[in-house]
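The structure appears below as structure tokens.
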Amino acid sequence: MADISVILPDGSTRSLPLGATAGDLAADIGPGLAKAALIATVDDVEVDLSASLADGQQVSIITAASDAGLETLRHSTAHVLAQAVLEMYPGATYAVGPPIQDGFYYDFDLPDGATISDDDLEAIEARMQEIIAADQPFERHEVSAAEGLDLFADHPYKREIIETVAMASTAGGKGDSADELADEVSGDGRISYYRNSDTFIDLCRGPHVPSTGRLGHFKLMSVAGAYWRRDAGRPSLQRVYGTAWASRKDLAAHLHRLAEAEKRDHRRLARDLDLLSWPTELGPGLAVWHPKGAAVRRIIEDYSRDRHDDGGYQFVYSPHIARSELWETSGHLDFYRESMYPAMEMDGASYLPKPMNCPFHVLIYKSSQRSYRHLPIRMFELGTVYRYELSGAVHGLMRSRGFTQDDSHIFATREQAPAEIASLLAFVLSVLRAFGFESFDARLATRPQEKSVGEDAEWDLATEALREALTAAELDYAVDEGGGAFYGPKIDVDVRDAIGRSWQLSTIQVDFQLPERFGLEYVGADGGRHRPVMIHRALMGSIERFFGVLLEHYGGAFPAWLAPVQAAVLPVAASHGDYAAEAQARLSRAGFRVEVSDAQEPLGRRIRAAKLQKLPYVLVVGDDDVAHGTVGVNARGSDGDERGVPLEDFAARLGDEVDAHR
RNA sequence: GCCCGAGUAGCUCAGUCGGCAGAGCAGCUGUCUUGUAAACAGCAGGUCGCAGGUUCGAUUCCUGUCUCGGGCUCCA
């Protein structure tokens, strides 16, 4: 019998009998691998373990240890979900069910507009576990598109997938709409489907795990509405979300992370720590800042102002509304009218609340004749803007309808722009690091196909300048094709928080358009008039959002330099009240934010209250402390407490911590 | 804006198969005067999100609406 020889990832070769499958290879390498194997890649194409191998192929066995393996696991679990739902809801039909970050979803259309509720998820999970216990094989089949249409005769969404992807490809080329469905089936005029019981098949490109018994560490998370093919004009489907993992331990760890994230939810912490609230009387997306929240915000803003002072920025202010003519000139009315609050008609003019600060800064630039000697001009404003976010998009501080940007606009010559952008990026990262963020992801967003203005050459020039700045900053970045603003390309910087989530904060945008639209000029060394480049930059993005991210990053336990209350002084008994007040006064004079919690209640109770407020320090003072001028220091996060610390020593320690931003 | 779900005391929640609405915590008052994460007692607190409808009677059933949560879309 003839043998074939395949090449393994480490470069070695292995002989197998003719007709051997990827699964056979895994078994040949070792029983451990055979057990862990989920799929394989053959010449970099993912295939089922049941796929036959041919001589000379590069083969790699994929387990759940890799992203590809985990994705397959999730995709297969989605199929099991579909099988369970179709069995439990007669007449239901199914649309698509891909793997996503941490899990999967599947979209269903139930008969007579029936809906799945969260309470139903447990029963569906139970049915899924039965299917998994039955260890049904995932059998791959390939048929022509026409046969596929017959096979899925009762399932219009599946038919539409076959028609848009498989059919379109045979007619030559596939449109944009087919791309998003391309994961479902291959586009060569034939389709593949998987059968895992007499009654259940699903259209799918694959690959899948060998059998349902390989699954099991999953949990259904929620139900939501979603449109068929993301189109608001198409039917609304029931989308069931689930999470799936390689092991019970991984699943438990994921659920634990979610619970941690929920504990860190800034809306919950904002209430528990009395930082801010969202009275319904104000309307969606509008918050009021309570004294403690305002205290933290003020520290953030003051720090930002200090850094901008040092960075050579000039501080400006601008009003909250402006006449519609301004927004016509700037282009906002053309491109973003639907996101702007509507006009107020006054004295024959209409005034609109500002969604951005840029045009005002442009007018400041324009207020006098500028020379190349003055450039670059860096303007800075904490400017509050209003944007009519869709009601469903509003989310606490992360997406609000009124917010304050730490906005700056830099006017520079074209020659200055690249260097200016590079130093700007360094400035941005330096400030973010000062707030405890260490890990960043950057994106370079290029010209949108629609909704943009300007010449291609200018876009290319600007995009290149941004690219160079990213390289200079040694920042890894992804390219977001078409993700730019209507007036120019941009760099977005995301930060990673303490539990690994990513948040978009900073943005740097190059703009040739506004200078053009407003006719900005400077006089060059040659005596001629030239057009400056404008660079838009928001560092924290919005103060509100930045505050929300910080709150979740620290889980409410702000470092001492940011904490609204840095220490509470707790007299053991009422007789120590005077000393406690004196200690507070001395610390306050030294510039610290300190409260006294007097002896109306038992000490343990007051300590507990202070701990729940996540104060950096609880200072207990009793007879010994009164006698020696000391305090008992109970630091947040430490096990025990330190007795008899001289007040001056504590003040010095707190001062060091504040200076170091710890 | 659209889909799904939820709105009961400041917070977390229970409850009423249509018949005067409950607990814990928080708050207030009093007693206790405490050495490192919950002293004791009492008081007060609700048009059961809002508006219509059905009903002898609605917090409960129906309709609409507002707000919130999850998702879609969007995010200058």
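So that the names make sense, note that chain A is the first sequence line, chain B the second, and so on, each numbered from 1.
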Open item on the list: Taking only the C1' atom of each, what is the distance from B:rC4 to B:rG15 in whole angstrom?
Closed with: 26 Å
Task: A:D492/A:R443 ion pair, N-O < 4.0 Å - done: yes
- [ ] Run the salt-bridge test on A:E481 and A:R447 with the 4.0 Å N-O cut-off and return the result as yes or no.
- [x] no
- [ ] Quick one: label A:R636 by what it contacts on the DNA or RNA (base, sugar-phosphate, nothing), any heavy atom closer than 4.0 Å.
- [x] nothing
Task: Side-chain N,O (A:R267) to OP1/OP2 (B:rG70) below 4.0 Å - done: yes
TODO: Record whether the side chain of A:R399 comes under 3.5 Å of the base of B:rC74 through a donor-acceptor pair of N or O atoms.
DONE: yes
TODO: Using the P atom as the reference point in each nucleotide, state the distance between B:rG57 and B:rC20 in Å, no decimals.
DONE: 15 Å
Open item on the list: When you compare the side chains of A:S324 and A:S350, does any donor N or O come within less than 3.5 Å of an acceptor on the partner?
Closed with: yes
Open item on the list: Suppose you measure atom C1' in B:rU8 against the same atom in B:rC3; what distance do you get, rounded to whole Å?
Closed with: 27 Å
Open item on the list: One thing to verify: whether A:D598 and A:R606 come together as a salt bridge, which I'm taking to mean a side-chain N less than 4.0 angstrom from a carboxylate O.
Closed with: no
Open item on the list: Walk along nucleotides 34-51 of chain B from 5' to 3' and tag each nucleotide B, S or - by protein heavy-atom contact under 4.0 Å, base first, then sugar-phosphate.
Closed with: BBBBBB------------
Open item on the list: Side chains of A:Q405 and A:S542 only: does a donor on one sit below 3.5 Å from an acceptor on the other?
Closed with: no
Open item on the list: Going by ring-ring contact (aromatic ring centres under 6.0 Å, His included), name the residues that satisfy it together with A:Y241, two or more places apart in sequence or in a different chain.
Closed with: A:Y105
Check: residues 379-392 of chain A side-chain donor-acceptor pairs under 3.5 Å, at least two apart:
from   : atom 1 : to     : atom 2 : distance (Å)
A:E381 : OE1    : A:S318 : OG     : 2.9
A:E381 : OE1    : A:H361 : NE2    : 2.7
A:E381 : OE2    : A:S318 : N      : 2.8
A:E381 : OE2    : A:S318 : OG     : 3.0
A:T384 : OG1    : A:T404 : OG1    : 2.9
A:R387 : NE     : A:P355 : O      : 2.9
A:R387 : NH2    : A:P355 : O      : 3.0
A:E389 : OE1    : A:R399 : NE     : 3.4
A:E389 : OE1    : A:R399 : NH2    : 2.8

TODO: Would you indicate whether A:E455, at its atom CD, is surrounded by more than 12 heavy atoms from other residues, nucleotides or ligands within a distance under 6.0 Å?
DONE: no
Open item on the list: Which label fits A:Y94 and A:Y106: parallel for a plane angle under 30°, tilted from 30 to 60°, or perpendicular past 60°?
Closed with: parallel
TODO: Taking only heavy atoms on the protein side, list every residue of residues 384-398 of chain A lying under 4.0 Å from any atom of RNA chain B, sorted numerically.
DONE: A:Y388, A:L390, A:S391, A:G392, A:A393, A:H395
Open item on the list: Measuring to OP1 and OP2 of B:rC72, would you say a side-chain N or O of A:Y241 lies under 4.0 angstrom away?
Closed with: yes
Open item on the list: Does A:K366 qualify as a cation-pi partner of A:F518, given the criterion of NZ or CZ under 6.0 Å from the six-membered ring centre and within 45 degrees of its axis?
Closed with: no
Short heteroatom pairs, N/O only, protein and nucleotides 7-13 of chain B, under 3.5 Å:
from   : atom 1 : to     : atom 2 : distance (Å)
B:rU12 : OP1    : A:R271 : NH1    : 3.4

Task: Range-with-range stems of RNA chain B (Watson-Crick or G-U pairs under 3.5 Å, three or more in a row) - done: B:1-7 with B:66-72, B:10-13 with B:22-25, B:27-31 with B:39-43, B:49-53 with B:61-65
Task: Check ion pair A:E328-A:R323 (N to O, under 4.0 angstrom) - done: no
TODO: Can you tell me the distance, in whole Å, between the CG atom of A:L333 and the C1' atom of B:rA76?
DONE: 13 Å
Task: d(NE2, A:H332; C1', B:rC75) in whole Å - done: 14 Å
